[in-house]
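A quick note: this is a predicted structure, and the numbers were derived from the prediction, not measured. We name chains A, B, ... by the order of the sequence lines, and we start the count at 1 in each one.
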2 protein chains.
Amino acid sequence: MTEISAKKQRIYQEAARLFQDRGYAATSMRAIAGAVDLEVSSLYSHIRSKEELLQEICFRTAGQFMDAMQAIRRKWDNPVRQLEEIIRFHTRLALQDPTSATVFSDEWKHLGPEEVKSFVSMRRNYEQQFLEILVQGQRAGLIRDLPRHWIMHTIISGLAWLYRTQHPVPPDEQEHLIQTLLAMNLHGIIKSQNV
Amino acid sequence: MTEISAKKQRIYQEAARLFQDRGYAATSMRAIAGAVDLEVSSLYSHIRSKEELLQEICFRTAGQFMDAMQAIRRKWDNPVRQLEEIIRFHTRLALQDPTSATVFSDEWKHLGPEEVKSFVSMRRNYEQQFLEILVQGQRAGLIRDLPRHWIMHTIISGLAWLYRTQHPVPPDEQEHLIQTLLAMNLHGIIKSQNV
DNA sequence: CATTTATACGAACGATCATTCGTATCTATG
DNA sequence: CATAGATACGAATGATCGTTCGTATAAATG
């Protein structure tokens with residue numbers, strides 16, 4: 001019944017790729033149609049509108065982030081370990097689905113007014129949970145007493161190049177990359193330890 | 001003679017703001033005209049085209065980055081100090097002109113084909129100089145032997161939230177923010193020193 | 001085989017886009 | 001005052017946009 005046709009999946013995939021390359025506003029339905037070898041009008045046999053494409057990509061990715069955050073907070077109680085797992089998840093998702101990650105991160109502002117409100121609300125929820133982890137880490141004396149908002153934004157923003165730049169990282173380097181990102185975020189890039 | 005009229009400056013300023021909010025493609029000349037209290041056709045008494053606005057913003061900001069990089073490399077020879085000054089400059093520019101910084105960072109892909117080539121070439125030059133600083137720091141044993149491209153992208157990307165998110169930082173907090181960003185990038189967020 | 005259902009298409013619609021043109025007004029200079 | 005140049009405007013142009021509609025074909029169902 002509610003089976004997702006292969007063609008529909010293909011449309012979403014190509015739409016995400018085009019949204020990443022040119023941005024939502026600069027991507028025409030004609031361009032999407034061309035990418036999936038259809039005429040423009042034929043697209044509407046599969047999707048309702050251009051904005052539906054954007055909505056699906058944004059909220060599906062948002063759901064993945066929310067689910068991951070919840071799972072991580074359930075599974076571990078050490079806040080530093082939780083942070084590590086969050087960075088792990090961001091990295092894996094960015095490498096596995098960079099186009100969706102970019103659309104999620106950059107193009108959500110082109111959603112309709114009510115969808116934007118819903119989206120921002122989800123993101124605020126996510127950030128709130130992130131901040132709580134930092135609070136716990138600081139209370140436990142594990143994390144430096146730096147302003148938590150600045151820590152959070154720097155960590156999240158510092159991972160954005162993974163999907164924004166088109167540097168493809170081979171799968172066998174993925175764990176090396178994650179270890180490097182963890183080292184940088186947790187211990188910085190300076191060798192000497194006199195802080 | 002080559003005096004820049006106040007109205008022209010105003011147009012560039014409002015254009016950058018709109019490009020940041022809605023993106024280049026989704027910003028109409030009518031919206032820009034409305035923001036500076038003009039009719040659309042009147043804009044063309046001051047500027048040549050919509051793309052000229054984008055070009056000016058992108059390449060002016062690119063020039064600022066290139067100049068800063070050159071000045072820093074001339075003034076200091078300690079690579080860690082050079083990195084510190086780069087982070088300082090990114091932060092100051094992001095806080096002082098966040099709209100231009102966003103356009104520079106996100107909207108350059110809407111430049112024409114030849115301008116994109118020129119822009120990417122400048123950015124590659126900048127990144128090359130950044131990498132050289134990291135090489136020197138690693139050779140001197142000051143910077144951890146992590147992959148340099150990953151270090152560079154993480155640092156630069158980790159500063160992007162300063163202009164991307166609309167968190168206004170009051171001027172008297174600016175130095176505190178810079179110190180926090182330096183601490184995070186150089187030494188991480190973890191208290192314990194057993195690495 | 002007959003009938004429904006899903007998919008594809010060409011043509012067209014109204015809206016909006018960036019830009020141009022002729023003209024009017026305003027400002028500064030002779 | 002007269003003239004010239006800069007600035008502002010309304011109207012129009014051609015292009016492109018997302019979407020709809022009627023129809024045709026292909027696939028699935030009875």
(message) Check this one for me: any side-chain N or O of B/H46 less than 4.0 Å away from OP1 or OP2 of D/dA8?
(response) yes
(message) Please tell me whether B/Q136 and B/E132 have a donor and an acceptor in their side chains that are separated by less than 3.5 angstrom.
(response) no
(message) From CZ of B/F19 over to C1' of C/dA18, roughly how many Å is that when rounded to an integer?
(response) 12 Å
(request) Whole angstrom is fine here: how far is it from CD1 in B/I47 over to P in C/dT20? (result) 11 Å
(request) Would you mind reading off the distance between A/R22 atom CZ and D/dT16 atom P, rounded to a whole angstrom? (result) 14 Å
(request) Would you tell me if any nitrogen or oxygen in the side chain of B/S42 comes within less than 4.0 Å of OP1 or OP2 on D/dC9? (result) yes
(request) For the residue pair B/Q55 and B/E51, confirm or rule out a side-chain donor-acceptor distance under 3.5 Å. (result) yes
What does the list of N/O pairs under 3.5 Å between the protein and nucleotides 18-22 of chain D look like, with a distance for each?
| residue | atom | partner | partner atom | Å |
| --- | --- | --- | --- | --- |
| D/dG18 | OP1 | A/T27 | O | 3.1 |
| D/dG18 | OP1 | A/M29 | N | 3.3 |
| D/dG18 | OP1 | A/K50 | NZ | 3.0 |
| D/dG18 | OP2 | A/M29 | N | 2.8 |
| D/dG18 | N7 | A/R30 | NH1 | 2.9 |
| D/dG18 | O6 | A/R30 | NH2 | 3.1 |
| D/dT19 | OP2 | A/Y44 | OH | 2.7 |
| D/dT19 | OP2 | A/K50 | N | 2.9 |
| D/dT19 | O5' | A/Y44 | OH | 3.3 |

(request) Assess the pair A/Y163 and A/F104: is the distance between their ring centroids shorter than 6.0 Å? (result) no
(request) Measure from CD on B/E39 to P on C/dT25 and round the result to the nearest Å. (result) 16 Å
(request) Provide, to the nearest angstrom, the distance between the NZ atom belonging to B/K8 and the P atom belonging to D/dA8. (result) 13 Å
(message) Between C/dA6 and A/S45, counting only base atoms on the nucleotide and side-chain atoms on the residue, is there a donor-acceptor pair under 3.5 Å?
(response) no
(request) Measure the shortest side-chain to side-chain distance between A/I11 and A/E14 over non-hydrogen atoms and say whether it is less than 4.5 angstrom. (result) no
(request) Output yes when at least one side-chain N/O atom of A/K7 is less than 4.0 Å from OP1 or OP2 of C/dA8, else no. (result) yes
(message) Is it the case that the side chain of A/R144 and the backbone of B/H187 share a donor-acceptor pair, with hydrogens and angles ignored and the cut-off at 3.5 Å?
(response) yes
(message) Output the rounded distance in Å from CD1 (A/I11) to C1' (C/dT7).
(response) 11 Å
(request) Tell me whether the guanidinium CZ or amine NZ of B/K50 lies under 6.0 angstrom from the six-membered ring centre of B/Y24 and within 45° of its axis. (result) yes
